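A quick write-up on the structure given underneath.
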Amino acid sequence: MAMPANDLLEHLWLPYTQMKTARQPLKAVSTQGALIRIADGHELIDGIASWWTACHGYNHPHILAALREQLERMPHVMFGGLVHEPALKLAARLAEKTPGDLNHVFFVDSGSVAVEVAMKMAVQYWLNQGRSRPRMVSFRYGYHGDTMACMSVCDPDESMHSLFKDYLPKQILAELPVDEASEQAFDDLLAREKEKIAAVLIEPLVQGAGGMKFHAPETLRRVADACARQGVLLIADEIFVGFGRTGTLFACEQAGVTPDILCLGKGLTGGALSLAATLARPHVYEAFLSDDPARALMHGPTFMANPLACAAANASLDLFEIEPRLEQVARIESLLREGLAPCAKIPGVLDVRVKGAIGAVQCATLGDAASLRATFAEQGLWIRPFGDIVYLTPAFTIAEVQLAALTSGICSTLPGWLSRS
Ligand SMILES: *Cc1c(COP(=O)(O)O)cnc(C)c1O
């Protein structure tokens, strides 16, 4: 097949993309603040902060300085039998900042692996006590990553993983307990199945990649209470919502919930490098302490606790301490509310919702998301719609005029787009 002379896709296989019909991607050459510069010289205002990782904006000088310093000293060293200051410091700070007594930190290299480790911990927690409880309970519209075990806890019907239904381990799909009736149903489910259930997995307050669906802190509270009542572990996947995205440093804080196991990723390094972590409370950790070596957690990604990534994460935590991030999130929340409100009147828009620095416009149907993305890019906006959702998850440091350009771009583009499709 004839390829254009300058085919960027000759050797690359892109994520979530039908390569047969893929349009040529934009080539990014540099980033700064909330801007991405493209090879042709254009700049895009980034509305999604690189899959909501770059919470301080790109190239924050404090993170770059920490990276440079660590780069000279030791970019990487294995974690098997060796530890280092950036990881020691980061583990202590995460233990301190996360809710309750999540004191034991296992570092990994990506969010999906953090969820894999959380599930492995939960299953082995029971095995180490002589009990086989192999199933997970997860929720409709949930998303927990793309690896095999993670796919099994994503919504089996709604997610992009439905093709693998017959291949994946069978888990238990539940509805979120949003009211008293569904709370009873959820409690009954746990009571009935608990001898099989290792843990319940939830994205606290916002289900991200499953469609930017929000639930109230009371719902999270009900899930946590039911888990405690029925003696089932609770895993909170804060990979999307952690580090300020919903208005508090961690979403669980808004419900006063301390999960047994917590997964962090995405914003952990301020978007600079890949790093994730699985944190456990003492009762989980202690179930692995034994004279029997086989009861240890047999896991160890080659690049776990990469020193450069840990240095970036420490610098990112500094920024949450020295710059007014949560105030900025509150300001973004009100600007998103104001800026996206006009979308509610557009025919074909079903819902407009905002929580913290997350704004979502849900449509009856969006049609070809990739060409809508291109339409936004032509206006200098980097917005990546998926499913029936157009959403914004900007850097917390985004300038007011940049955010206004994003919201008004959505409000002015959607009427024409939705009337055509
Ligand atoms: C992105 C995401 C993951 C997967 O993280 P990766 O780093 O892409 O593997 C898991 N859970 C949630 C809630 C996420 O948003």
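Just so you know, ligand 1 is whichever comes first in the structure, and atom 1 is the first atom listed for that ligand. As the structure is a prediction and not an experimental result, all values here were calculated from the model.
If you look at Phe396 and Phe243, their ring centroids are not closer than 6.0 Å.
Note on ring orientation: taking the six-membered ring where Trp is involved, the planes of His283 and Tyr125 are perpendicular (angle over 60°, cut-offs 30° and 60°).
Across all their heavy atoms, Ala198 and Met136 have their closest contact at CB-CE, 3.9 Å.
Every atom of ligand 1 with a heavy atom of His144 under 4.0 Å away is listed here by number and element: 10 (C), 11 (N). Interface of Gly145 with ligand 1, defined as ligand atoms under 4.0 Å from a residue heavy atom, comprises 4 (C), 10 (C). The atoms of ligand 1 that sit less than 4.0 Å from any heavy atom of Ser112 are 4 (C), 5 (O), 6 (P), 9 (O).
At least one N or O atom of Gly111 sits closer than 3.5 Å to an N or O atom of ligand 1. By the 3.5 Å distance cut-off applied to N or O atoms, Glu203 is not counted among the residues near ligand 1.
For atom 12 (C) of ligand 1, the candidate residues are Leu275, Val115, Asp237; the nearest heavy-atom contact is made by Asp237.
Within the 4.0 Å heavy-atom criterion, neither part of Trp51 lies near ligand 1.
Looking at atom 1 (C) of ligand 1, its nearest protein heavy atom turns out to be Lys266 NZ, 1.5 Å.
A donor and an acceptor atom, one from each side chain of Gln328 and Arg325, are located under 3.5 Å apart.
Under a 3.5 Å cut-off, the side chain of Thr375 and the backbone N or O of Ser371 do form a donor-acceptor pair.
A salt bridge (Lys or Arg N to Asp or Glu O under 4.0 Å) check over residues 106-120, counting only residues at least two apart or in different chains, returns nothing.
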